[in-house]
K.L.:
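Below: one structure in structure tokens.
Throughout, a chain's letter reflects where its sequence line sits, starting with A, and its residues are numbered from 1.
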Amino acid sequence: MTDATTPSRVSQKISAKVWEENAVPRHRIQWCPGCGDFGVLAGLKMALTKLEVTPYEVLLIGGIGCSGQIRNYLNGNGFHGTHGGALAYALGAKMANPGLTVIALAGDGDTFAIGVENFVHVCRRDPAVVLIIMDNGVYGLTKGQHSPTHGRGMDIREWSEEAPPPFAPLRLALTAGATFVAQSFSGDPRHAAEIYAQALQHPGFAVVNDFSPCVTYNKFNTYDWYRERVEDVPASHDPSDFQAAWELLNDFDRRGRLPLGVVYRHPRPKKAHGRLPIWPEELQGADIRPLLQMMR
Amino acid sequence: MTVNRLKILVGGVQLRDGVVTVTDILGRIFTRAGLHVLAMERGYASTIYGAHQFDPLVVSEEPPVSWGDPRLDILVALDYDSNPDAREQPNRDTILRHGRYLVDGGVLLYDSSTGEVPVEPLERRGIKVFPVPARTIARDELKLDVVKNMVAVGALFRVLEFDQDGTWLRQLVEERFARKGAQVVDLNLRAARRGREVVESILAARGWPGSGYRLQPRPSAEPRVLISGNEALSLGAIAAGCRFYAGYPITPASAILEFMEEHLPRFGGRALQGQNERESIRAAIGAALAGVRSMVGTSGPGLSLKVEEFGVAGMTEVPVVIVDTQRAGPSTGMPTKSEQGDLYLSIFGGHGEIPRIVLAPATQEECYTLMIEAHNLADKYQCPVFFLTDLNLSEGRKTVPEAVFTQHPVTIDRSTLVREADLRRDGAYRRFALTPTGISPRLVPGTVGGVLKASGSEHDERGFVSTDPAVRKAMMEKRARKMETFLREDARPPRVVGSVDGRPALVGWGSTLPVLLEAQQRLRQRGVEVAVVHFSYLWPFPAALAKPVLERASVLIAVEQNFTGQFADVIQACCLLPVRRVVKYNGLPLYPADVVGGVEHILHTGESHVRIGTEAPAPVKVSEGG
Ligand SMILES: Cc1ncc(C[n+]2csc(CCOP(=O)(O)OP(=O)(O)O)c2C)c(N)n1
Ligand code: SF4
């Protein structure tokens, strides 16, 4: 019997190359040259390699968008369903098999527009799932419409109903109860990889908002624009302090800067669960007689 | 004197009078006493407190065919002042609503705590009236308001000359209230005794030898349970190995969620109350993707919200069982009334063309057995399987031999899952391999030696997105082929009762089967022979199995609880046979008299679409045969 909780470690060395098997070859990747999502892909490969995870135990759940394609550009089990649904599939899969490394990969449109209902409540539920949001301020795949984070840093005097101010991903994650909230920049994959690795080791829901420039449709939030504004979370910051995390965001906002790093990390005590039964030999002969007794 | 055959209706104010507590006690005790109980139609309101609630029970020695017509033998009115505006008739709500359905010579037992009700019109029809001040006895004598129900139960038992020495009642009360202490048990039993005494003195004062009804225990060696459709299908799912259930509260499917939350953990499973309909089904798809047998349950409005995921499950070939306990729609419709209105949505809902299987159980027994098949079919064909019940069936309770559940063979067929050893043998794993049956080997993520890529976008055999016309064509055909394989290997023909040859056939699906069977018997007594053709396997429509049966009938009459005749349309489309219809959609259950009236109307007038819409059963005309 295959025990799906603990994949037997394969002798093959976990190198970055392992992540290229069972994946769309590099020359067929459909992202525009220079797309920020390449940085996320590189960072994720580094993090998974560093943590010596095998592709067999990884489940990548993609969102719908350019960003969600990443699940096909990386070895490991992959799935995508509906726009906005990634986190809820991830929740079910993780509840079913805590032994899987479940990573949801979606855009800011997918996560904060159509998928915000799932996002908010998954923050509350706190499954040990990692969410990497490739935040580019636009809907890439549908050719450049405004997404919830559109307008970041723009000097606009009058907002309107049809063009409201940008959404605040980290603040929503914090207030919704996420236990790991971080930000990365795909222009610096090495740094991003470190944050992903920490997220992967977090025992609850880990949100990483990645600034992932859309070189085709977002001519404002470019790599250079980010480079000028990102700033590491100071080493003195205590990420386990909610109030400090909130203050940190206030401080960065006031200064017109964008924090990179772990803003909040506070694991929540939780009931442990094993893998749910899958194989017929685990399921056969369930004794329902005690339940019938109650109906006599 | 009628012995061991009657219909009781208990009515009162929702959440105050404990209508359901009383019918539950009655149903359980009668079942234990070896009688059969059927309680399909339940009247309650979407408002929580204060509305009128009623619960009819059919009790009989032999299993009743159906719940029959609205006719009642015994009416128990628990409301004591339910209509404060009608000071002169304070107890009248239940009586006014249901009194007219009492048969001549029937029984009315009511709580007279706030005064007696003028009942001359009933008495003129030979109805025996028993005013029992249950609440006053409970409050003033026993100092415990809630035991008023026991006063009523005791009174009713005396009316029925049932449980003279109190054994059945004592046993149940001890089981239920032992936790609360001997004093509570004693108070309940005293309350029942007081009810008995009141009836005794009324009988003596009126000089009645009895009520005209009697229930006698018929202890049987075979253990039986009183079970609802929701409970039966939940048990079926557990027996079938379903270990993940997700639901969002909605009447009348919430009971499944509550059952699963309480019981799945002891079988190693988990139940999730989703934060909305979409989280529920998505989580179930996620769990199914991870290899666990998964199910969601909902009702109409929730099914609408899940439509997007029908396609996901169909396209990514993730098996998931979707229970829809239909209620009257559209929109929020009538949440507490039954209908068969979601067939189109289940069969056709969703964009593109989705492989899917639609099943509908007819009875509580079938809620169990068909659910086991539902999970096996989902697994084999790797697609959504719809399981259509309705409010009447899901909430309706029925006496069923335990053997139905304990002796039904349960095989858990997961043979389409691949194991690590298979992967080693086959080399490159292809999740969507193009096979002759259309069924591809399914991988559980975590299995060493293979990864699966599953996409809701069109994909190639390995699961990578593709818009190549040849790939699209092959994949579309592969998914369609699964349904052909299903029709060949697993689809079931309709159940046929009676001979169809040259006769009219009543065609039905889902929960209306018992009513069709009873209508068939009644029509026979009136000189009209009809066959009943009933479907539990609805989609893909088993035309090859059904058409040869259907085309032998002289006329096809679909009987459905919806406006259009949705299943009639399906048959017409799939078999190219004209189907007439008798439909009812006013929120009331379908009664045998409705069917008899509708069928005779069609046979006389040749009309094609008879809509039953009045509260009273359709007038039954004398038939000249045909
Ligand atoms: C229900 C639904 N509505 C709309 C779409 C069209 N759609 C595809 S991708 C997308 C937005 C993608 O934006 P984002 O999530 O920010 O990802 P990006 O492409 O920018 O990486 C939309 C609206 C869809 N696939 N499904
Ligand atoms: S459109 Fe934008 S987000 Fe999409 S691949 Fe191109 S650069 Fe990336």
K.L.:
Does any backbone or side-chain atom of B:Leu172 lie under 4.5 Å from a heavy atom of chain A? Answer side chain, backbone, both or neither.
P.N.:
neither

K.L.:
Is the number of heavy atoms from other residues, nucleotides or ligands within 6.0 Å of CZ (A:Arg268) greater than 12?
P.N.:
yes

K.L.:
Chain B heavy atoms under 4.5 Å from A:Leu59: which part of the residue, side chain, backbone, both or neither?
P.N.:
side chain

K.L.:
Is A:Lys50 salt-bridged to A:Glu52, going by a charged N under 4.0 Å from an acidic O?
P.N.:
no

K.L.:
Taking non-hydrogen atoms and a cut-off under 4.5 angstrom, which of residues 23-35 of chain B neighbour chain A?
P.N.:
B:Arg28, B:Arg32

K.L.:
Can you tell whether the side chains of A:Arg275 and A:Glu282 come within less than 4.0 Å, N to carboxylate O?
P.N.:
yes

K.L.:
What I want to check is whether the side chains of B:Asn376 and B:Arg293 have a donor and an acceptor closer together than 3.5 Å.
P.N.:
yes

K.L.:
Look at B:Arg414, B:Arg278, B:Arg224, B:Glu279 and state which one has the largest set of heavy-atom pairs under 4.5 Å with chain A.
P.N.:
B:Glu279

K.L.:
Select all residues of residues 105-118 of chain A having any heavy atom within less than 4.5 Å of some heavy atom of chain B, and report them by number, or 'none'.
P.N.:
A:Ile114, A:Glu117, A:Asn118

K.L.:
Salt-bridged, B:Glu402 to A:Arg296, with N to O below 4.0 Å?
P.N.:
yes

K.L.:
For chain A, find which of B:Ser234, B:Gly456, B:Ser228, B:Ala287 contributes the most heavy-atom pairs closer than 4.5 angstrom.
P.N.:
B:Ala287

K.L.:
We want to know whether B:Arg176 and B:Gln171 form a side-chain donor-acceptor pair, criterion being a heavy-atom distance below 3.5 angstrom.
P.N.:
no

K.L.:
Can the ring centroids of A:Tyr73 and A:Trp19 be said to lie less than 6.0 angstrom from one another?
P.N.:
no

K.L.:
Verify the distance criterion only: is there a donor paired with an acceptor across the side chains of A:Thr54 and A:Glu57 at less than 3.5 Å?
P.N.:
yes

K.L.:
Applying a heavy-atom distance below 4.5 Å, give me the residues of residues 311-319 of chain B that approach chain A, sorted by number.
P.N.:
B:Val312, B:Thr316, B:Val318

K.L.:
If you measure from the Lys or Arg side-chain nitrogens to the Asp or Glu carboxylate oxygens, is any gap between B:Asp460 and B:Arg462 under 4.0 Å?
P.N.:
no

K.L.:
Tell me every residue that passes salt bridge (Lys or Arg N to Asp or Glu O under 4.0 Å) with B:Glu309, counting only those two or more places apart in sequence or in another chain.
P.N.:
B:Arg282

K.L.:
For the residue pair B:Tyr368 and B:His408, categorise the inter-ring angle as parallel (less than 30°), tilted (30 to 60°) or perpendicular (more than 60°).
P.N.:
perpendicular

K.L.:
So, B:Asp379 and B:Arg442, do they make that salt bridge, N to O below 4.0 Å?
P.N.:
yes

